[in-house]
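Have a look at the structure below before the remarks.
All chains are named by letter (A, B, ...) in the order of the sequence lines, taking the proteins before the strands, and each is independently numbered beginning at 1.
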Protein chains: 2
Amino acid sequence: MTKATPPEPHRALTLRDVSEASGVSEMTVSRVLRNRGDVSETTRARVLEAARRLGYVPNKIAGALASQRVNLVGVVIPSLSNMVFPEVMTGISKTLEDTGLQPVVGVSNYQVDREEQVIYEMLSWRPSGLIVAGLEHSAASAAMLAQAGIPIVEIMDIDGTPVDSMVGISHRRAGRKMAEAIIAAGYRKIAFLGTHMPTNDHRARKRLEGFEEALAAAGLSLVDREFYSGGSALAKGREMTETLLKRRPDVDFLYYSNDMIGAGGLLWCLEQGLDVPGRIGLAGFNGVELLDGLPRRLATMDACRLETGVAAAEIIAGKRSSGVIGGEVIEFEPKLQPGDTIRNL
Amino acid sequence: MTKATPPEPHRALTLRDVSEASGVSEMTVSRVLRNRGDVSETTRARVLEAARRLGYVPNKIAGALASQRVNLVGVVIPSLSNMVFPEVMTGISKTLEDTGLQPVVGVSNYQVDREEQVIYEMLSWRPSGLIVAGLEHSAASAAMLAQAGIPIVEIMDIDGTPVDSMVGISHRRAGRKMAEAIIAAGYRKIAFLGTHMPTNDHRARKRLEGFEEALAAAGLSLVDREFYSGGSALAKGREMTETLLKRRPDVDFLYYSNDMIGAGGLLWCLEQGLDVPGRIGLAGFNGVELLDGLPRRLATMDACRLETGVAAAEIIAGKRSSGVIGGEVIEFEPKLQPGDTIRNL
DNA sequence: CCCGCTAATGATAGCGCTAACAGTGAAAAC
DNA sequence: GTTTTCACTGTTAGCGCTATCATTAGCGGG
């Protein structure tokens, strides 16, 4: 801890400073800096030079208040650390890039009350739109969203009723589809491994519900299940798989609630020399990039995260002029990626 | 795309609406909503009830302009998708939680000009402080930061001169330390595998420089090197390792610029039945959680990301009253985690 | 030579909130 | 009874910018 360069104490610069330095009115400076209205080339050059020389940075707070326009789009997601939301963010950022809108991220940690705070905080900055992960919110959150008077897009789940618009896949249907593929491949003693329920991960829950529905429709039911929470997902997948297979050696398929624990399980099975997918099959969910590097490719189901981000951002940016002004519903079709861990049909 | 509940067109509520609904002045409403100054219990209750009933959300734009205070802390990082920045964010968020400050993330994609834009955008919202990853910025960025008049903390690298404060580890030293451990363990034909240089990943570059310095000091030099860019890091690690070992079968140590490609390499080596760490040793960098689930634990070096986030946030929040007002320098000591892929000394 | 027009610039009035100060009434002190 | 005090509430004046309208100069046409 030593002393370095202490920043000089500065009164923050305002339009007036630039205006005085360039000999024109504040209004003209404002016009130059925003490229709005007619300004002569010479004035423009003089103003820009002065602004640059002084190191002027406009005050958007004042600008936003005066113009009643804020170029921000709030994005409320449960977590940054599980690889799935960053990809949605990529889609959002890319789409917003050429619209002058800027995404602002808030993280709710899968907690309803935290989400409520984040939404409140975001709305208090009067953004141009809000993208929220999931359809399940506290009553207060839902009320705020409905009242906000801006486009709201709920993403990554469409099994429910949106406040305004929604974009994503049906997790219930994704679970069903996976179960059908597994059954069709001839597996019968199927177990589930996932995050500890009931968490507030509604999407994982719906997936499992859909999965069990499809099993039931085929006269089957889950043979066993194993849950975890916290820790390294890869390591947990490994442990859970070992535990479960020790308990029920007859199981012939392991359905994981996400790819990370699935990858852990796959590594364990391969180490044990188990015949995958002959003796036992495995499948995860999400289609994370990581899987490409595994010794064998885990069967999974793509959640269309990039597309979801893109479509959500398009709705906010008004790029998707379908005539409808709000309340759009866009469903993507999750694609099964059979990989190498499920028998060929 | 169907029609759902269209949000009713609302004129946004203001303090005046709440004030009229509760029969007190706007000022009193403001006081209640901010818990500031003396307000009688009965008035407070009336105001809160009215605010709640109307669904009032304060306008922070106006509040910030009037009070000249913004409870935002800008965080500028190169990427969200490589697992390392989310952990820094965790440290920042947790530390800021009870200070009333809110982190706002901006992503620069390892591009200098993009970083400049993001910094400009952030500063234009007049945040209470700014946390920026790295010490290398464009001249314009550096000037803006120096002028901003708010605490600036550059993180994750201390090999250079900060604008104001800096927190992190010395990557040069981390590279050196790893090289020394490898040499001490008796490895002599050492190769490097990493991201394609020169990227704008200055930290990886400095690590390699330190690494080569230490090799040189022991009379050694890199036997070979291999670079990649883009794609699944795990898969790339696998490919690069194969390529490199086919080219130079005599190599006895592989130093990876990050854990993800290291993990890919490790998986490949194990599949090939190579004797790790006897015949060949491996090491990565970063200490990602993922590694815990691998069949063998990759040697790595912890970058103290959580601590870095915490300390940076503390500086901004003024929690670290070391007497010094700015220009703090906090260095963390990267810890070697030998794992199972480097011979015991 | 005046009119009408356009291009360029300036003056004025807020945006919705809060800091700072100015009351107000009732209880406490003299 | 009068003054002081204190707890509470209201009034005023901006914060730094932009929307809107007003003004000026320049210029070609009749």
Nearest-neighbour nucleotide for the A:Thr14 side chain, C:dT18, D:dA19, D:dC17 considered:
D:dC17
First locate atom [atom1] of [X], then atom [atom2] of [Y], and finally report the distance between them rounded to the nearest 0.5 Å.
{"X": "B:Leu96", "Y": "B:Met89", "atom1": "CG", "atom2": "CE", "value": "8.5 Å"}
{"X": "B:Asn59", "Y": "A:Leu65", "atom1": "CG", "atom2": "CG", "value": "6.5 Å"}
{"X": "B:Glu328", "Y": "B:Ile315", "atom1": "CD", "atom2": "CD1", "value": "4.5 Å"}
{"X": "A:Tyr110", "Y": "A:His202", "atom1": "OH", "atom2": "NE2", "value": "10.5 Å"}

To the nearest 10°, give me the bend of the helix from C:dC1-D:dG30 to C:dC30-D:dG1, comparing the axes of its five terminal pairs at either end.
50°
Can you tell me how far [atom2] of [N] sits from [atom1] of [X], to the nearest Å?
{"X": "A:Leu65", "N": "D:dA19", "atom1": "CG", "atom2": "P", "result": "12 Å"}
{"X": "A:Leu15", "N": "C:dG10", "atom1": "CG", "atom2": "C1'", "result": "14 Å"}
{"X": "B:Ile61", "N": "C:dG14", "atom1": "CD1", "atom2": "P", "result": "21 Å"}
{"X": "A:Trp125", "N": "C:dC15", "atom1": "CH2", "atom2": "C1'", "result": "15 Å"}
{"X": "A:Leu13", "N": "D:dG16", "atom1": "CG", "atom2": "P", "result": "11 Å"}

Indicate whether the side chain of B:Glu116 and that of B:Ser138 have a donor and an acceptor atom separated by less than 3.5 Å.
yes
Would you say the side-chain atoms of B:Arg34 and B:Ser30 include a donor-acceptor pair closer than 3.5 Å?
yes
May I ask you to evaluate whether [X] reaches the phosphate of [N], defined as a side-chain N or O under 4.0 Å from OP1 or OP2?
{"X": "A:Gln68", "N": "C:dG16", "value": "yes"}
{"X": "B:Arg36", "N": "C:dC17", "value": "no"}
{"X": "B:Tyr56", "N": "C:dC17", "value": "yes"}

Would you classify A:Arg69 as touching base, sugar-phosphate or nothing, given that sugar-phosphate means primed atoms plus P, OP1 and OP2, and contacts are heavy atoms under 4.0 Å?
sugar-phosphate
Could you go over nucleotides 8-11 of chain D and give all protein N or O partners under 3.5 Å, atom names and distances?
unit_1 : atom_1 : unit_2  : atom_2 : d
D:dT9  : OP1    : B:Ser40 : OG     : 3.2
D:dT9  : OP1    : B:Thr43 : OG1    : 2.5
D:dT9  : OP2    : B:Ser40 : N      : 3.0
D:dT9  : OP2    : B:Thr43 : OG1    : 3.4
D:dG10 : OP2    : B:Ser25 : N      : 2.8
D:dG10 : OP2    : B:Ser25 : OG     : 2.9
D:dG10 : OP2    : B:Thr28 : OG1    : 2.9
D:dG10 : N7     : B:Arg31 : NH2    : 2.7
D:dG10 : O6     : B:Arg31 : NH1    : 3.3
D:dG10 : O6     : B:Arg31 : NH2    : 3.3

Using 4.0 Å as the upper bound for N to carboxylate O, is an ion pair formed by B:Lys94 and B:Glu97?
no
Between B:Glu314 and B:Lys319, does any side-chain N to carboxylate O distance fall below 4.0 Å?
no
Please name all residues satisfying side-chain contact (heavy atoms from CB on, under 4.5 Å) with A:Glu49, sequence neighbours left out, ordered by chain then number.
A:Arg53
